[in-house]
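Working notes, structure below.
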Amino acid sequence: MSEAVIKSRGNAAVRHARAVRDGRDRDFIFVEGVRLCEEALGASLDIGTVFHAEPVGEDERGSRLLSSLERAGGRLLTITE
């Protein structure tokens with residue numbers, strides 16, 4: 001489902017996500033948490049990169065969410081906690 005686990009804070013995708021989260025890149029929004037990601041899907045927002053820790057996909061709700069995000073065009077990237 002996703003690529004190799006990202007372990008470095010220096011990873012380009014992680015750096016970009018932090019810029020979005022911190023408001024330094026206003027072309028995107030940062031959504032965090034299962035419930036808010038479910039709401040983003042329900043609102044038909046464009047889904048970009050989806051970062052998730054491995055445990056998210058280990059239960060039924062998380063696995064279903066990751067599949068839905070991927071179907072909506074999200075690029076799934078696994079990160080260490």
Side-chain angles (χ1 to χ4, degrees):
M1 189 183 283
S2 60
E3 301 169 5
V5 177
I6 296 172
K7 298 178 182 180
S8 171
R9 290 176 162 243
N11 176 282
V14 172
R15 285 194 324 267
H16 182 250
R18 279 199 316 268
V20 172
R21 180 197 65 196
D22 296 343
R24 293 188 315 270
D25 184 339
R26 297 187 183 270
D27 293 332
F28 300 92
I29 61 170
F30 186 90
V31 177
E32 186 172 7
V34 171
R35 183 180 62 79
L36 291 178
C37 288
E38 290 169 339
E39 289 182 15
L41 276 171
S44 299
L45 294 176
D46 289 334
I47 306 299
T49 303
V50 177
F51 295 90
H52 68 93
E54 288 179 302
V56 171
E58 293 175 358
D59 68 34
E60 184 178 333
R61 181 181 179 191
S63 178
R64 190 172 46 247
L65 175 60
L66 291 175
S67 293
S68 295
L69 289 164
E70 190 171 41
R71 279 193 307 277
R75 175 181 172 215
L76 301 183
L77 297 177
T78 305
I79 59 172
T80 57
E81 291 185 58

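Throughout, numbering of the chain's residues begins at 1 and tracks the sequence.
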Please evaluate residues N11 and I79 with respect to the criterion side chain to side chain contact (heavy atoms under 4.5 Å, CB included), reporting the C-alpha separation (whole Å), side-chain torsions for both, the decisive distance (0.1 Å), and the verdict.
CA-CA 10 Å; N11 176 282; I79 59 172; over 6 Å; no

From CA spacing to verdict: side chain to side chain contact (heavy atoms under 4.5 Å, CB included), V50, R75:
CA-CA 6 Å; V50 177; R75 175 181 172 215; over 6 Å; no

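Of the charged side-chain nitrogens involved, none lies within less than 4.0 Å of a carboxylate oxygen, so that R61 and D59 do not count as a salt-bridged pair.
Screening residues 53-81 for ring-ring contact (aromatic ring centres under 6.0 Å, His included) gives no qualifying pairs among residues at least two apart or on separate chains. Applying the salt bridge (charged side-chain N to carboxylate O under 4.0 Å, His left out) rule to pairs touching residues 42-58 yields nothing, sequence neighbours excluded.
Across all non-hydrogen atoms, the minimal contact from F51 to A17 is CE1-CB, 3.5 Å. The shortest non-hydrogen separation linking G57 to S63 is O-CB, 3.6 Å. For L76 against L66, the heavy-atom pair with the smallest separation is CD1-O, 3.8 Å. Shown here for R15 and R9, the closest heavy-atom pair between the two residues is CG-O, 3.7 Å. Pairing each heavy atom of A53 with each of T78, the nearest pair is C-CG2, 4.5 Å. Shortest non-hydrogen contact noted between V14 and S8 is CG2-O, 4.1 Å.
Around the CZ atom of R24, the shell of radius 6.0 Å holds more than 12 heavy atoms that belong to other residues, nucleotides or ligands.
Residues passing the side-chain hydrogen bond (donor to acceptor under 3.5 Å, both in side chains) test with R71, sequence neighbours excluded: S68.
Distance CD/E38 to CG/L69: 9.0 Å, rounded to 0.5 Å. Atom CG of L36 and atom CZ of F30 lie 10.5 Å apart (nearest 0.5 Å).
No chain of hydrophobic side-chain contacts below 4.5 Å, direct or via other Ile, Leu, Val, Met, Phe, Trp or Tyr residues, connects I47 to F28. In terms of hydrophobic clustering, with Ile, Leu, Val, Met, Phe, Trp and Tyr side chains grouped at heavy-atom distances under 4.5 Å, L41 and V31 are assigned to different clusters.
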